[in-house]
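Heads up, the thing below is written out as structure tokens.
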Amino acid sequence: MAKGQEQAAADAVLTRIGQVAMLHHAGDREEARHRFLALWAEIGEHGDALHRCTLAHYLAGTQDDPEEELAWDLRALSAAEELTEDLLADRHEGTAAARALSPSLHLNVAADYDRLGHREAARLHLRRARAAARSLAPGRYGEGVRASIDRLEMRLDAADRGTRGPDGPEGWGRPPRQRP
């Protein structure tokens with residue numbers, strides 16, 4: 001396939017993922033989950049790493065079961081790491097996007113582990129999120145990710161002390177999922 005055709009096909013997949021994400025953000029979580037899963041079946045476990053990262057990231061947010069959410073977030077993180085750790089990664093157009101998503105992906109995994117009661121794993125990914133966030137450019141996205149990291153850290157610290165947070169009897173509440 002010619003390079004222009006490959007690029008158009010890649011853009012088409014990301015466009016389709018974006019369209020389903022809009023459906024999800026509009027409130028149709030179940031339909032979005034079904035459409036994302038259909039896209040996952042097309043892309044497959046060995047498809048383009050940027051596609052897998054993006055799709056798994058969004059699929060995680062459609063899950064009802066916290067363990068399933070964690071599984072999808074881990075798939076997203078694994079695909080992002082494929083892009084950023086490969087010696088030839090800079091040849092892939094998605095490498096910069098994966099690096100920019102890395103803090104958010106680690107933050108989501110940390111929040112998942114926290115919800116499941118795995119505080120040490122949560123702290124490990126929170127440290128990784130904070131380290132990766134240092135490379136984010138100034139702006140709304142970076143500030144939002146760093147603020148979410150701070151909130152989750154305060155939540156974990158409060159849980160370690162056995163104190164409750166400001167959100168009422170349940171404590172700090174569920175940290176928001178970070179979106180690209």
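A quick note: this is a predicted structure, and the numbers were derived from the prediction, not measured.
Legend: residues meeting side chain to side chain donor-acceptor pair (under 3.5 Å) with Glu31, ordered by chain and number and at least two apart, are Arg35. Residues passing the side chain to side chain contact (heavy atoms under 4.5 Å, CB included) test with Glu143, sequence neighbours excluded: none. Residues meeting the side chain to side chain contact (heavy atoms under 4.5 Å, CB included) test with Glu45, sequence neighbours left out: Trp40, Arg75. For Leu70, the side chain to side chain contact (heavy atoms under 4.5 Å, CB included) partners two or more places apart in sequence, or in a different chain, are Leu74, Val109, Asp112, Tyr113, Leu116. Checked against salt bridge (charged side-chain N to carboxylate O under 4.0 Å, His left out), Arg33 has the following partners two or more places apart in sequence or in another chain: Asp64. Residues satisfying the side chain to side chain contact (heavy atoms under 4.5 Å, CB included) criterion with Arg16, sequence neighbours excluded, are Gln19, Leu39, Glu42. Here Arg119 pairs with Asp114 under the salt bridge (charged side-chain N to carboxylate O under 4.0 Å, His left out) rule; sequence neighbours left out. In this structure, the side chain to side chain donor-acceptor pair (under 3.5 Å) partners of Arg52, at least two apart in sequence or on a different chain, are Glu82. Legend: residues meeting side chain to side chain donor-acceptor pair (under 3.5 Å) with Asp28, ordered by chain and number and at least two apart, are absent.
Looking only at distances, no side-chain donor or acceptor of Arg128 sits under 3.5 Å from a matching main-chain atom of His106. Thr62 places a side-chain N or O within 3.5 Å of a backbone atom of Leu59 that can act as its donor or acceptor partner.
Taking hydrophobic clusters as Ile, Leu, Val, Met, Phe, Trp and Tyr residues chained together by side-chain heavy-atom distances below 4.5 Å, Val20 shares a cluster with Ile43.
In terms of heavy atoms, Ser104 sits closest to Tyr141 at CB-OH, 3.3 Å. Across every non-hydrogen atom of Ala49 and Ala79, the tightest pair is O-CB, 3.4 Å. The minimum heavy-atom distance linking Ala129 with Pro103 is given by the pair CB-O, 3.4 Å.
Note that NE2 of His34 is 11.5 Å distant from CZ of Arg29, once rounded to the nearest 0.5 Å. Annotation: the span from His25 atom NE2 to Leu23 atom CG amounts to 10.0 Å, rounded to 0.5 Å.
Using modelled atom types, one finds no donor on one side chain facing an acceptor on the other under 3.5 Å when comparing Ser102 with Arg99.
Considering Leu105, Leu77, Leu152, Asn108 as possible partners of His125, the one that fulfils the side chain to side chain contact (heavy atoms under 4.5 Å, CB included) test is Leu77.
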Begin from the C-alpha positions of Asp157 and Arg161 and carry the test side chain to side chain contact (heavy atoms under 4.5 Å, CB included) through to its verdict. CA-CA 6 Å; Asp157 289 347; Arg161 290 189 309 272; 3.4 Å; yes

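Note on ring orientation: taking the six-membered ring where Trp is involved, the planes of Phe36 and Tyr58 are parallel (angle under 30°, cut-offs 30° and 60°).
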